[in-house]
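First comes the structure, then the notes that go with it.
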Amino acid sequence: MVITVAVVVLIPLCRWWEWRKWTRGREILSEEELCRLFVEGVADRSFLLHFLSSVSKCYGVPMGQLRPTDSFAGSLGALDSWELGEGEESLAEALRKEQLMPPEPLDKNIKTLQDLFEACLEIKKQRQ
């Protein structure tokens, strides 16, 4: 009984702490600032914002706090570990639904959000 209560209390507390650690010190950027950060002069701004919105929903973080250097093994991975892998899995599912899933798994050549965005953008260009 005590172990069950400890687990029920500790897991949400640890999730909250990791989320708090991740968001602390991260300014929420405007859409314009995000576009400049990710890809200077990106032609398809709406695609970038849609991509970031999907990532934001999957990982449960504000879109304006995402950065191109956020890695799946590092900062996003730390958030994901307390979600029991649901962030990366739900992102992969969302990309599959939109037929944008890169052939490489997220832990191979795609290490950061910038890498994933560029891979998805390339797939989108090939489909047109």
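One is the number of the first residue; the rest follow in order along the sequence.
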Exercise. Could you walk me through whether Leu76 and Thr112 pass the side chain to side chain contact (heavy atoms under 4.5 Å, CB included) check?
Worked result: CA-CA 9 Å; Leu76 291 172; Thr112 65; over 6 Å; no
Exercise. Do Gln99 and Ile123 pass the side chain to side chain contact (heavy atoms under 4.5 Å, CB included) test, and can you show the C-alpha distance, the side-chain angles, and the key distance before you say yes or no?
Worked result: CA-CA 8 Å; Gln99 298 178 336; Ile123 290 169; over 6 Å; no
Exercise. For Phe38 and Gln114, what are the C-alpha separation, side-chain angles and deciding distance, and is it a side chain to side chain contact (heavy atoms under 4.5 Å, CB included)?
Worked result: CA-CA 7 Å; Phe38 269 82; Gln114 181 71 46; 3.7 Å; yes
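The two residues Ile28 and Gln65 make their nearest non-hydrogen contact at CG1-CG, 3.6 Å. Smallest separation of non-hydrogen atoms from Leu113 and Arg67: CD1-O, 3.5 Å. The shortest non-hydrogen separation linking Phe51 to Cys120 is CE1-SG, 4.3 Å. Considering all non-hydrogen atoms of both residues, Ile110 and Ala119 come closest at CD1-CB, 3.9 Å.
Between Phe47 and Phe117, the ring planes lie tilted relative to each other; the angle falls in the 30° to 60° range.
For the atom pair Arg96 CZ and Leu91 CG, the distance stands at 9.5 Å (nearest 0.5 Å). The OG atom of Ser56 lies 11.5 Å from the CG atom of Leu49; values are rounded to the nearest 0.5 Å.
Between the Glu118 side chain and the Asp115 main chain, no donor and acceptor come within less than 3.5 Å of each other.
With sequence neighbours left out, the side-chain hydrogen bond (donor to acceptor under 3.5 Å, both in side chains) criterion links Glu98 to His50. With sequence neighbours excluded, the residues that form a side-chain hydrogen bond (donor to acceptor under 3.5 Å, both in side chains) with Lys124 are Asp44. For Glu32, the side-chain hydrogen bond (donor to acceptor under 3.5 Å, both in side chains) test picks out Arg45, with sequence neighbours left out.
Side chains of Val61 and Val55 form no contact here, defined as non-hydrogen atoms less than 4.5 Å apart. In this structure, the side chains of Lys125 and Leu121 come closer than 4.5 Å at one or more pairs of heavy atoms. Between Leu48 and Cys35, the closest side-chain pair of non-hydrogen atoms falls below 4.5 Å.
With hydrogens and angles left out, the side-chain atoms of Ser90 and Glu93 include no donor and acceptor closer than 3.5 Å.
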